[in-house]
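Lettering of chains follows the sequences in order, A, B, ..., and the numbering in each one begins at 1.
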Amino acid sequence: KAGVTQTPRYLIKTRGQQVTLSCSPISGHRSVSWYQQTPGQGLQFLFEYFSETQRNKGNFPGRFSGRQFSNSRSEMNVSTLELGDSALYLCASSRGGRGTDTQYFGPGTRLTVL
Amino acid sequence: AQSVTQPDIHITVSEGASLELRCNYSYGATPYLFWYVQSPGQGLQLLLKYFSGDTLVQGIKGFEAEFKRSQSSFNLRKPSVHWSDAAEYFCAVASSNTGNQFYFGTGTSLTVIP
């Protein structure tokens with residue numbers, strides 16, 4: 001079974017621009033979560049989508065948004081990029097449903113903001 | 001508030017030696033606990049997880065971890081380290097109250113010397 005895929009793997013943007021990252025979950029998984037990883041803050045939860053609905057949200061500003069499609073693929077958008085948004089963005093998928101489930105991570109998208 | 005502490009930022013061990021990585025959590029509810037490993041430039045790979053039952057859990061690559069509720073700990077162990085184990089290790093906690101919102105520790109970087 002194919003794993004979680006993320007595209008693109010690397011991105012370079014300038015301040016003020018916006019960016020969209022994509023995540024395709026493992027086949028049959030309905031939950032997609034997004035995390036930001038930085039050397040200073042570590043791994044921080046952004047949000048989770050399940051059945052096209054945001055089910056959980058972390059403490060990030062509204063510039064960070066996401067959505068999920070009917071095939072469970074998810075996109076994350078960051079508007080008005082700031083230097084501090086430079087990070088590795090990781091997507092994780094799980095079967096979904098109630099409660100906590102094991103999450104399987106993709107390789108990440110490395111975003112650099114200049 | 002939920003939190004995870006990995007007291008050791010960096011550990012160096014000789015190949016063939018035993019390994020123990022520490023993880024302490026602060027959580028009000030019954031925790032679900034995970035260990036993930038991250039190689040440079042890669043996403044997170046699940047090593048093992050604890051949801052309930054036997055407090056000693058076995059994972060992949062010869063790793064095991066023991067859940068000790070009285071100490072709020074979930075330490076990762078391996079009896080004999082291989083050079084390929086060099087990576088960053090993350091402990092994570094979640095609960096039925098938080099669904100798939102995982103809280104991660106800051107990670108422990110493992111160096112293996114020949």
Side-chain angles (χ1 to χ4, degrees), chain A residues 3-7 9-10 21 23-26 29-51 53-60 68 72 74 87-110, chain B residues 1-10 23-25 27-53 57-60 65 67 74 87-109:
Chain A
V4 178
T5 58
Q6 293 186 245
T7 57
R9 291 293 309 278
Y10 301 91
L21 313 181
C23 172
S24 293
I26 293 171
H29 285 194
R30 297 166 61 195
S31 168
V32 173
S33 298
W34 289 88
Y35 290 82
Q36 181 195 65
Q37 185 178 23
T38 60
Q41 299 297 318
L43 280 150
Q44 293 185 287
F45 174 80
L46 281 154
F47 31 65
E48 179 200 8
Y49 284 86
F50 176 74
S51 292
T53 301
Q54 188 180 87
R55 185 160 70 171
N56 220 340
K57 189 178 188 304
N59 295 322
F60 278 82
Q68 187 180 34
S72 295
S74 177
L88 181 67
Y89 290 89
L90 293 164
C91 159
S93 79
S94 64
R95 289 174 299 179
R98 289 189 175 276
T100 300
D101 199 0
T102 302
Q103 296 193 64
Y104 298 89
F105 284 80
T109 294
R110 172 73 63 184
Chain B
Q2 302 85 356
S3 68
V4 178
T5 302
Q6 294 181 245
D8 304 306
I9 296 174
H10 186 254
C23 172
N24 293 96
Y25 65 90
Y27 219 74
T30 300
Y32 301 135
L33 296 157
F34 305 81
W35 275 100
Y36 286 87
V37 61
Q38 185 178 37
S39 298
Q42 301 297 314
L44 302 177
Q45 181 183 23
L46 178 70
L47 285 175
L48 46 78
K49 62 186 177 184
Y50 172 79
F51 276 19
S52 64
V57 293
Q58 302 296 321
I60 62 171
F67 170 56
F74 189 57
E88 189 93 16
Y89 291 80
F90 293 92
C91 179
V93 66
S95 84
S96 58
N97 296 335
T98 61
N100 283 329
Q101 180 171 354
F102 282 24
Y103 294 87
F104 283 87
T106 51
T108 297
S109 177

For Q37(A), is it the side chain, the backbone, both or neither that has a heavy atom under 4.5 Å from a heavy atom of chain B?
side chain
Among the listed options L46(A), V4(A), T102(A), L88(A), the residue most often paired with chain B at heavy-atom distances under 4.5 Å
T102(A)
Just checking I60(B): does its CD1 atom have more than 12 heavy atoms from other residues, nucleotides or ligands closer to it than 6.0 angstrom?
yes
Under the side chain to side chain donor-acceptor pair (under 3.5 Å) test, residues paired with E88(B) that sit two or more places apart:
none
By a 4.5 Å heavy-atom criterion (distance strictly below it), what part of Y103(B) contacts chain A: side chain, backbone, both, or neither?
neither
Looking at F102(B), is its backbone amide N or carbonyl O close enough to the side chain of Y35(A) to form a donor-acceptor pair, meaning the two atoms are under 3.5 Å apart?
yes
Rounded distance [0.5 Å steps], CZ in F47(A) versus CD in Q101(B)
12.0 Å
State which residues pass ring-ring contact (aromatic ring centres under 6.0 Å, His included) with Y89(B); sequence neighbours excluded, sorted by chain then number.
F63(B)
Evaluate the criterion side-chain contact (heavy atoms from CB on, under 4.5 Å) for residue pair L43(A) and Q38(B); output intermediate values, then yes/no.
CA-CA 12 Å; L43(A) 280 150; Q38(B) 185 178 37; 5.6 Å; no
Let me know if R9(A) has heavy atoms under 4.5 Å from chain B in its side chain, its backbone, both or neither.
side chain
Contacting moiety of L46(B), where chain A heavy atoms sit under 4.5 Å:
side chain
